[in-house]
Amino acid sequence: MPPVFAHGRLRLYLLKLLDEAPRHGYEVIRLLEERFQGLYAPSAGTVYPRLSKLEAEGLVTYATEGGRKVYSITEAGRAELADRSGELADLELEIRDSVTELAAEIRSDVRGAAGDLRREMRAAASASATRVGEDDSWKAAKEELRKARQEWKEQARRAKDESRRAREEAQTARRQAKEAQDRAREEVQRIAGQLQEQFAKSGGVLGGLAGAWLGGGTQGAGAAGRPDAADAGRAPGWAADLTPTGDPARDLDRLLDRFRDEVRDAARDHGVTAARVAEARDHLAAAAARLATTLGAKP
């Protein structure tokens, strides 16, 4: 029998099921069996150890209800699920292929059983030709053959329905993955707008921190607070060594986190004054305006 889940895929699918709703182990097993139309049902020895491992990794948690553990996904689990949304779409396609292969094996088994039954019937018919009073056995054999053919038709119908539903679910998964990417892009643009507004209005601690990071006062800057020409176009060390992940929205979040840490370190090392707060506010407003223009430009 071909494997239903490739290596590591069952772990991802368990996170998907727990993201839908909290569930206990037996319910997870039952849901998997339903989604495979009874063609596949994992054992408790397959599901429970993986749930325990997910709990140890902090991706799921559980509460005891009625003497049973009810597992729920954590924020860390949802973050991993979001990061692997593309893999989840591929997983739906893999499940469809697995169901198709399982159905094909079932059809093959049914054909083999029917062939064996036909051979047995021929042998019984040959033997009955030399005996009298075998009519009842012959009728019983014909009835068994009829039942076997009916069972094969039912199995074939179920396999066809499951294959169709798997295709529909795969299409839905691809559409949801695209929608998630679109939402992430919109969220980045929204955050950039908020940063611009906050930097323009802020006169508090963040401005002071940025002023300290930018060098404290006007030292090393022009009259308008611009960086020296020698520094133009050169990324600082904390940004230059950032390795792209292939997800632009995530890379932007990482850059903003590093910028915030750099500002805090500068404030701790150099201190904050009212003059630095005022100049930092101008620096941040200008930077936010440039970022908003960059992020809002057409690719």
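- Leu18 and Tyr48 fall within a single hydrophobic cluster, where Ile, Leu, Val, Met, Phe, Trp and Tyr are joined by side-chain heavy atoms under 4.5 Å apart, directly or via other members.
- Rounding to the nearest 0.5 Å places NZ of Lys147 at 5.0 Å from CD of Glu143.
- The distance from atom OH of Tyr13 to atom CG of Leu31, rounded to the nearest 0.5 Å, is 9.0 Å.
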request  = Apply side-chain contact (heavy atoms from CB on, under 4.5 Å) to Leu255 and Phe259, showing your working.
outcome  = CA-CA 6 Å; Leu255 280 173; Phe259 173 80; over 6 Å; no
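- Among pairs with a residue in residues 61-77, those fulfilling salt bridge (Lys or Arg N to Asp or Glu O under 4.0 Å) read Glu75-Arg78, at least two apart in sequence or across chains.
- The distance from the CD atom of Gln176 to the CZ atom of Arg183 is 8.5 Å, given to the nearest 0.5 Å.
- By the side-chain contact (heavy atoms from CB on, under 4.5 Å) test, Ala286 is found to be paired with no residue, residues two or more places apart in sequence or in another chain being considered.
- Residue Leu51 comes nearest to Val60 through the heavy atom pair O-CG2, 3.8 Å, listed as atom of the first residue, atom of the second, then distance.
- Rounded to the nearest 0.5 Å, atoms CZ (Arg165) and CD (Glu168) are 9.0 Å apart.
- Using a cutoff of 4.0 Å between basic side-chain nitrogens and carboxylate oxygens, Asp251 and Arg254 are scored as salt-bridged.
- Listed by chain and number, the residues in a salt bridge (Lys or Arg N to Asp or Glu O under 4.0 Å) with Asp265 are Arg268 (sequence neighbours excluded).
- With sequence neighbours left out, Arg30 forms a side-chain hydrogen bond (donor to acceptor under 3.5 Å, both in side chains) with Glu34.
- The two atoms that bring Pro49 and Ala44 nearest to each other are CD-O, 3.6 Å, heavy atoms only.
- For residues 49-84, the set of pairs meeting the ring-ring contact (aromatic ring centres under 6.0 Å, His included) definition, not counting sequence neighbours, comprises Tyr62-Tyr71.
- Judged as a side-chain contact (heavy atoms from CB on, under 4.5 Å), and not counting sequence neighbours, the contacts of Ala76 are Leu59, Thr74.
- For Asp257, the side-chain contact (heavy atoms from CB on, under 4.5 Å) test picks out Arg260, with sequence neighbours left out.
- Counting all heavy atoms, side chain and backbone alike, Leu32 lies closest to Pro42 at CD1-CG, 3.4 Å.
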For side-chain contact (heavy atoms from CB on, under 4.5 Å), just list the numbers for Arg250 and Asp253, CA-CA rounded to whole Å, side-chain angles, deciding distance to a tenth of an Å, and then say yes or no. CA-CA 5 Å; Arg250 185 177 180 186; Asp253 286 341; 5.5 Å; no
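- Counting only heavy atoms from C-beta outward, the side chains of His24 and Val28 never approach each other to under 4.5 Å.
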Is there a side-chain contact (heavy atoms from CB on, under 4.5 Å) between Ile73 and Thr61? Walk through the geometry before answering.
CA-CA 6 Å; Ile73 193 170; Thr61 185; over 6 Å; no
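- By the side-chain hydrogen bond (donor to acceptor under 3.5 Å, both in side chains) test, Asp161 pairs with Arg157, sequence neighbours left out.
- In this structure, Glu57 CD and Lys53 NZ are separated by 5.5 Å, a value rounded to the nearest 0.5 Å.
- With sequence neighbours left out, the side-chain hydrogen bond (donor to acceptor under 3.5 Å, both in side chains) criterion links Glu55 to no other residue.
- When the salt bridge (Lys or Arg N to Asp or Glu O under 4.0 Å) test is applied to Arg23, the partners found at least two apart in sequence or on another chain are Glu20, Glu27.
- No donor-acceptor pair closer than 3.5 Å links the side chain of Thr64 to the backbone N or O of Gly67.
- Using modelled atom types, one finds a donor on one side chain and an acceptor on the other under 3.5 Å when comparing Glu151 with Gln155.
- For Glu33, the salt bridge (Lys or Arg N to Asp or Glu O under 4.0 Å) test picks out no residue, with sequence neighbours left out.
- Scored by the side-chain hydrogen bond (donor to acceptor under 3.5 Å, both in side chains) test, Ser43 finds Thr46 as partners (sequence neighbours excluded).
- Here the straight-line distance linking atom CG of Leu15 with atom CG of Leu81 works out to 6.0 Å at 0.5 Å rounding.
- A salt bridge links Glu80 with Arg84; the closest basic N to acidic carboxylate O contact falls under 4.0 Å.
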